[in-house]
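Down below is the structure, laid out as structure tokens.
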Amino acid sequence: MDELPRTARDHLAALDERLRAIADRVELVDLTGRYFCLLDEQEFPAGWADSVFTADACLEFPGRLCGDRGTIAEFLRGDAERYDRTQRIGADHLVTVRGDTASLCWNSIETGARPAGDEDRYRTIGGRYRAEAARTPGGWRLTHLFLRLIWSTSDAGPPR
């Protein structure tokens, strides 16, 4: 690369920086998708939370604050067991990368079907997630996840 004229080297360096930014954004949006898929598939193999959260992660949901990855995994697994099936859709991701840390926010619509016979069988919420993430040797992981509930089809207590 030293053999190239300075303007060409500068151009390639700028392209490399843009490509790195695009790759980070794709990986971070994929991280949010992986989180939703793990919950919707309701399969929690050993170590599943390692692919989403750092060891010291913090989760804040309406009426619930969880600290560390183990506590978060236990809470999310228990919550998923309340439903026969769920579907989460995330959209409008905003991503800001600052070196090896990032801030994200996105909108979500989440629907769960409780067991047949439950009078409030279907529950849908709309919310806005805010998150912080860190680049780790295994890829991007969430360090903090916060859900702001905007609306819900049920007033039967806090969602999740």
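- Interatomic distance, Arg18 CZ to Asp16 CG, rounded to the nearest 0.5 Å: 12.0 Å.
- Classification of the Trp48-Phe53 ring pair by plane angle, with boundaries at 30° and 60°, yields perpendicular.
- Distance alone, capped at 3.5 Å, places no donor-acceptor pair between the Arg114 side chain and the Tyr83 backbone.
- With hydrophobic clusters built from ILVMFWY side chains whose heavy atoms lie under 4.5 angstrom apart, Ile109 does not share a cluster with Ile125.
- Contact detail for Trp151 and Thr153: the closest heavy-atom pair is CZ3-CG2, 3.9 Å.
- Within the model, atoms CG of Leu59 and CZ of Phe75 stand 6.5 Å from one another, a figure rounded to the nearest 0.5 Å.
- Pairs of residues two or more places apart, or lying in two chains, that qualify as salt bridge (Lys or Arg N to Asp or Glu O under 4.0 Å) and include a residue from residues 31-42 are Asp40-Arg88.
- Taking 4.0 Å as the cut-off between side-chain N and carboxylate O, Asp24 and Arg20 do not count as a salt-bridged pair.
- Linking Ile, Leu, Val, Met, Phe, Trp and Tyr whenever their side-chain heavy atoms come within less than 4.5 Å puts Leu149 and Leu145 in one cluster.
- Across all non-hydrogen atoms, the minimal contact from Ser51 to Leu38 is OG-CD1, 3.9 Å.
- Applying the 6.0 Å contact sphere to CD of Glu74 captures no more than 12 heavy atoms from other residues, nucleotides or ligands.
- Rounding to the nearest 0.5 Å places CG of Leu31 at 4.0 Å from CG of Leu142.
- Contacts of Thr71 classified as side chain to side chain contact (heavy atoms under 4.5 Å, CB included), with partners at least two apart in sequence or in another chain: Cys66, Asp68.
- In this structure, Leu28 CG and Leu94 CG are separated by 12.5 Å, a value rounded to the nearest 0.5 Å.
- Contact between Ala134 and Thr143 at its shortest, heavy atoms only, is CB-CG2, 3.7 Å.
- Listed by chain and residue number, Arg128, Phe146, Ile150 satisfy the side chain to side chain contact (heavy atoms under 4.5 Å, CB included) test with Arg148 (two or more places apart in sequence, or in another chain).
- The side-chain heavy atoms of Thr32 and Tyr129, taken from C-beta on, include no pair separated by under 4.5 Å.
- Looking at Trp140 and Arg135, their side chains come closer than 4.5 Å, going by heavy atoms from C-beta outward.
- Residues Phe44 and Leu76 approach most closely at CZ-O, 4.4 Å, considering heavy atoms.
- Closest heavy-atom contact between Phe36 and Ser108: CZ-CB, 3.8 Å.
- What you find for Ala80 and Gln42 is that their closest heavy atoms are O-NE2, 3.3 Å.
- Here Thr111 pairs with Thr124 under the side chain to side chain contact (heavy atoms under 4.5 Å, CB included) rule; sequence neighbours left out.
- In this view, Tyr122 satisfies the ring-ring contact (aromatic ring centres under 6.0 Å, His included) rule with no residue, not counting sequence neighbours.
- For Ser103 and Arg130, the side-chain atoms include no donor-acceptor pair closer than 3.5 Å.
- Around the CZ atom of Arg98, the shell of radius 6.0 Å holds more than 12 heavy atoms that belong to other residues, nucleotides or ligands.
- Atom NE2 in His144 sits 11.0 Å away from atom OG1 in Thr54 (nearest 0.5 Å).
- Residues Asp50 and Arg69 have side chains in contact (heavy-atom distance under 4.5 Å, counting atoms from C-beta outward).
- For Asp84, there are no side chain to side chain donor-acceptor pair (under 3.5 Å) partners, not counting sequence neighbours.
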